[in-house]
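A short write-up of the structure that comes next.
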Amino acid sequence: MKPIKRNILLNPGPATTTDSVKWAQVVPDICPREREFIDIMLQLRTDLLHVVHAPAEEYTSVLFCGSGTINMDICLNSLLGEGKKVLVIRNGAYSARAQEICEAYHLPHVVMELPYDEQPSIEELDRLLTEHEDISLVYCTHNETGTGLLNPIREIGAAAHRHGAVFVVDTTSTLAMRPIDVVADNIDFCFSSAQKGIMGMTGLSFIIGKRRLIEQSKHFPIRSYYCNLYLQYAYFEKTGEMHFTPPVQTVYAAVQALKEYFAEGEEAKWARHTRIFETIHHGLAELGFKDMLPRERQAGLVVCVRYPDDPHWNFGRVHDYCYERGFTIYPGKVGSAATFRLCALGAIDEQDIISFFNVLREALQSLGMSIPIHYNNFTAS
Ligand SMILES: *Cc1c(COP(=O)(O)O)cnc(C)c1O
């Protein structure tokens with residue numbers, strides 16, 4: 001294997017990958033309708049269930065060709081029966097996207113709108129679900145990747161179930177990082193994309209959910225031909241294949257990535273992400289940066305940082321300085337607040353973060369900024 005230039009991606013996905021995952025894509029050409037490829041996808045679907053401890057008698061996984069947003073689109077448009085409503089818990093950019101999907105499909109929906117730094121109150125949620133008896137689907141984002149806000153999914157799922165609603169949670173930026181147990185966490189459907197927690201390549205997404213509920217959805221309105229959960233599931237059941245052309249090489253990379261996931265182990269991997277996250281916080285504190293959310297509300301994978309109040313600060317120039325040296329940082333996504341993000345995803349470790357902060361310090365100095373950096377009137381949250 002030739003070594004490939006290693007970039008440290010601190011953006012919220014795609015993540016830094018291992019060379020073995022990159023090279024896993026280089027395979028002999030194969031028609032994906034061949035038995036050999038069907039067996040690979042079957043194994044991949046089974047392994048994905050293990051990542052979230054989903055019992056195979058009750059849950060299945062369905063693969064799709066597309067980026068992570070395809071999962072959001074599919075779950076929302078496919079799992080809503082005639083005359084029913086979706087409840088979107090909205091406290092960040094990704095749940096706002098879910099609301100946009102509801103609007104695009106004209107799905108009846110109720111939005112529980114919260115500030116970007118606020119977790120939902122379960123009493124309020126219970127009240128909304130009592131008031132709107134026709135809500136049959138509760139939707140939230142596990143880790144709002146724009147800010148790093150953690151939502152209490154276990155409690156939200158329990159509330160959904162008390163009211164007979166299906167619980168769908170966007171785990172795109174937690175699955176295979178922060179441990180998830182679909183049974184204990186009251187999850188009916190969750191999903192992610194191969195380029196995030198499992199550290200594979202872009203173009204493959206997957207939904208893990210209850211087989212019984214997918215089968216029930218057969219009778220729901222079909223709102224999309226390409227993006228329908230039941231249709232793709234039924235095709236997999238009948239043939240073991242995706243209905244249309246799969247992202248072949250990305251599937252091979254995902255298989256290798258999962259091999260590496262299980263070799264590292266759920267607990268050790270979460271410990272590594274936590275180590276990276278803490279090293280990021282330590283590095284930021286040393287330079288005087290402030291983050292947007294109180295620590296106890298952070299999901300442990302994304303740090304959202306306020307722009308300093310120094311006229312020399314220029315995100316674009318800091319980005320370019322770091323990028324030229326192999327480190328990618330990313331703008332924020334918090335309404336109008338000026339922020340940037342550092343994420344603890346991917347095949348990286350503490351040492352990479354230490355190296356990054358040396359480069360960031362140089363970048364700030366090259367702009368003529370004083371360290372520790374300066375804020376005008378910061379009120380600690
Ligand atoms: C990355 C991400 C997605 C999917 O984004 P794509 O750009 O479509 O891959 C969805 N939800 C969350 C929470 C994410 O972090």
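Computation of the quantities below employed the complete heavy-atom set of this structure, encompassing side-chain atoms and omitting hydrogens, waters and symmetry-equivalent molecules.
- The line from CD1 of I222 to SG of C227 is 12.5 Å long, rounded to the nearest 0.5 Å.
- Annotation: E36, atom CD; neighbour count of heavy atoms from other residues, nucleotides and ligands within 6.0 Å does not exceed 12.
- Not one N or O on the side chain of E58 forms a donor-acceptor pair closer than 3.5 Å with the backbone of K210.
- Using modelled atom types and a 3.5 Å distance limit, the side chains of N91 and N151 yield a donor-acceptor pair.
- At a cut-off of 3.5 Å, with distance as the only test, no side-chain donor of Y235 or E241 sits close to an acceptor on the other residue.
- Separation of the F64 and F206 ring centroids does not fall under the 6.0 Å cut-off.
- Applying the side chain to side chain contact (heavy atoms under 4.5 Å, CB included) rule to T145 yields the partners P12, Y94, S173, V302, R341; only residues at least two apart in sequence or on another chain are considered.
- Distance check, rounded to the nearest 0.5 Å: OH of Y307 to CD1 of I373 gives 12.0 Å.
- Remark: I40 engages V251, Y252, V255 in a side chain to side chain contact (heavy atoms under 4.5 Å, CB included) (not counting sequence neighbours).
- Linking ILVMFWY side-chain heavy atoms closer than 4.5 Å, directly or via other members, places Y330 and L284 in two distinct hydrophobic clusters.
- A ring-centre distance under 6.0 Å is found for H281 and F277.
- Ring geometry, F167 versus H161: the interplanar angle exceeds 60°, so the pair is classed perpendicular (tilted spans 30 to 60°).
- R223 and S78 are not linked by any side-chain donor-acceptor pair at a separation below 3.5 angstrom, with hydrogens and angles left out of the test.
- A distance below 6.0 Å separates the ring centres of F340 and F289.
- Considering every non-hydrogen atom in both S217 and Y230, the closest pair reads OG-CB, 3.8 Å.
- Although no hydrogens or angles enter the test, the distance criterion places no donor-acceptor pair under 3.5 Å between the side chain of S61 and the main chain of I208.
- Note: F356 and F327 have tilted aromatic rings, judged against thresholds of 30 and 60 degrees for the angle between ring planes.
- Hydrophobic clustering (side-chain heavy atoms under 4.5 Å, transitive across Ile, Leu, Val, Met, Phe, Trp, Tyr) keeps M201 apart from F37.
- No hydrogens or angles considered: nothing links the side chains of H132 and D134 as a donor-acceptor pair under 3.5 Å.
- Using modelled atom types and a 3.5 Å distance limit, the side chains of Q298 and D291 yield a donor-acceptor pair.
- Checked by atom type, the side-chain pair E144/T141 shows a donor-acceptor distance below 3.5 Å.
- Ring geometry for Y323 versus H319: interplanar angle under 30°, hence parallel rather than tilted (30 to 60°).
- In this structure, the side chain of T60 does not engage the main chain of A56 through any donor-acceptor pair within 3.5 Å.
- Between T328 and C322, every side-chain heavy-atom pair lies at or beyond the 4.5 Å cut-off.
- Both cation-pi conditions hold for R45 and F236: the charged atom is under 6.0 angstrom from the six-membered ring centre and inside a 45 degree cone around its axis.
- Although no hydrogens or angles enter the test, the distance criterion places no donor-acceptor pair under 3.5 Å between the side chain of R297 and the main chain of L150.
- Interatomic distance, T147 OG1 to M292 CE, rounded to the nearest 0.5 Å: 8.5 Å.
- Under the salt bridge (charged side-chain N to carboxylate O under 4.0 Å, His left out) criterion, the residue pairs touching residues 246-267 are E264-R272, with sequence neighbours excluded.
- Side-chain atoms of E215 and Y233 include a donor-acceptor pair closer than 3.5 Å.
- The heavy-atom pair separating V88 from A98 by the smallest distance is CG1-CB, 4.3 Å.
- With 3.5 Å as the limit, one finds a donor-acceptor pair spanning the side chains of Q43 and D47.
- A 4.5 Å side-chain heavy-atom check between L293 and C304 finds every atom pair outside the cut-off.
- The shortest heavy-atom contact between I70 and C65 is CD1-O, 3.5 Å.
- Q256 and S20 make their closest contact through CG-O, 3.6 Å (heavy atoms, listed as atom of the first residue, atom of the second, distance).
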